[in-house]
Amino acid sequence: MAQSVQIIGTGQLLELSRRLKAAGGPRLKANFARRIRHAAEPLATGMQQTIRSLPIKADPRKAGKRGGPSPTTRPLRATVAGAVRISVRTGGNPGARIWVDKGRLPADLRNMASAMNRPDGRIRHPVFGNKKRWANQWTTPLWWEKTVRAHRPRMEREVARVVDDVKNDLS
């Protein structure tokens, strides 16, 4: 399962990166990075919206089982969506990357993004932290890949336009 997305026209971007370095124009390089980030922002926003709207359903309770409210008031989807980040590189491996920053998640949710994106859509977790009792919940399988697929053509067009504009500035 992909935890990050990279849209890179490596040949063109590497050549462009070398030419930017040779031209020595920090303004041009900063403009290039800003425009690549701008091209990736709708995907990051789409990821956050998808995470916030993911349906999560639980298996029904078995007869005679106890239940109750969650011991935490932390909103799961909003917490994971808030950890989506963008990074832009203009150096040796230029491009934009969208990923879930595990450092911005609480310790007990570090693997939740990958758990929510399983091919079978199952989220398996201990009941209130009790490792002897486990529960299953279900969500939309492979939502990360579906969101990337929906945004990829627009991002590729935008990055191609940025590369062409910067090439024109260099020549």
Practice problem: Decide side-chain contact (heavy atoms from CB on, under 4.5 Å) for Thr140 and Thr50; before the verdict, give the C-alpha distance in whole Å, the side-chain angles of both, and the deciding distance to 0.1 Å. | Solution: CA-CA 10 Å; Thr140 306; Thr50 301; over 6 Å; no
Quiz item: So Leu43 and Arg152, side-chain contact (heavy atoms from CB on, under 4.5 Å) or not? Walk me through it.
Solution: CA-CA 8 Å; Leu43 175 58; Arg152 190 175 191 118; over 6 Å; no
Quiz prompt | Pair Arg37-Glu41, salt bridge (Lys or Arg N to Asp or Glu O under 4.0 Å): steps then yes or no | solution = CA-CA 6 Å; Arg37 174 176 291 278; Glu41 282 173 354; 5.2 Å; no
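The shortest distance between side-chain heavy atoms of Arg154 and Pro42 falls below 4.5 Å. With a 4.5 Å cut-off on side-chain heavy atoms, Asp165 and Asn31 do not count as touching. The shortest side-chain heavy-atom distance between Pro141 and Asp120 does not fall under the 4.5 Å cut-off. Contact annotation: the side chain of Asn111 approaches that of Lys102 to within less than 4.5 Å [non-hydrogen atoms, C-beta and beyond]. Contact of the Ile123 side chain with the Met112 side chain is registered, since non-hydrogen atoms from C-beta on lie closer than 4.5 Å.
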Output a table of donor-acceptor pairs, distance under 3.5 Å, between side-chain atoms of residues 78-88 and any protein atom two or more places apart or on a different chain; print 'none' if there are none.
residue, atom, partner, partner atom, Å
Thr79, OG1, Pro75, O, 2.6
Arg85, NH1, Gly82, O, 3.2
Arg85, NH2, Gly82, O, 3.2

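Heavy atoms of other residues, nucleotides or ligands lying less than 6.0 angstrom from NZ of Lys146 number more than 12.
For the 3.5 Å distance criterion, the side chains of Arg133 and Asn130 fail to qualify, holding no donor opposite an acceptor.
Remark: Arg77 pairs with no residue by the salt bridge (Lys or Arg N to Asp or Glu O under 4.0 Å) rule, at least two apart or across chains. With sequence neighbours excluded, no residue forms a side chain to side chain donor-acceptor pair (under 3.5 Å) with Arg110. Applying the salt bridge (Lys or Arg N to Asp or Glu O under 4.0 Å) criterion to Arg161, with sequence neighbours excluded, gives Glu158. In this view, Ala135 and His125, Val127 satisfy the side chain to side chain contact (heavy atoms under 4.5 Å, CB included) rule, not counting sequence neighbours. Not a single side chain to side chain donor-acceptor pair (under 3.5 Å) links Asp101 to another residue, sequence neighbours left out.
For Glu145 and Arg149, the salt-bridge test fails: no basic side-chain N is under 4.0 Å from an acidic carboxylate O.
Contact record, Trp144 with Trp99: CH2-CA, 4.1 Å, taken as the closest heavy-atom pair. Residue Ala115 comes nearest to Arg118 through the heavy atom pair O-CG, 3.4 Å, listed as atom of the first residue, atom of the second, then distance.
Asn136 places no side-chain N or O within 3.5 Å of a backbone atom of Arg124 that could act as its donor or acceptor partner. Checking side-chain atoms of Trp143 against main-chain N and O of Met116 turns up a donor-acceptor pair under 3.5 Å. Proximity of a side-chain donor or acceptor of Thr139 to a complementary backbone N or O of Leu54 within less than 3.5 Å is not detected.
Residues Leu105 and Ile98 share a hydrophobic cluster, clusters being chains of Ile/Leu/Val/Met/Phe/Trp/Tyr side chains in contact below 4.5 Å.
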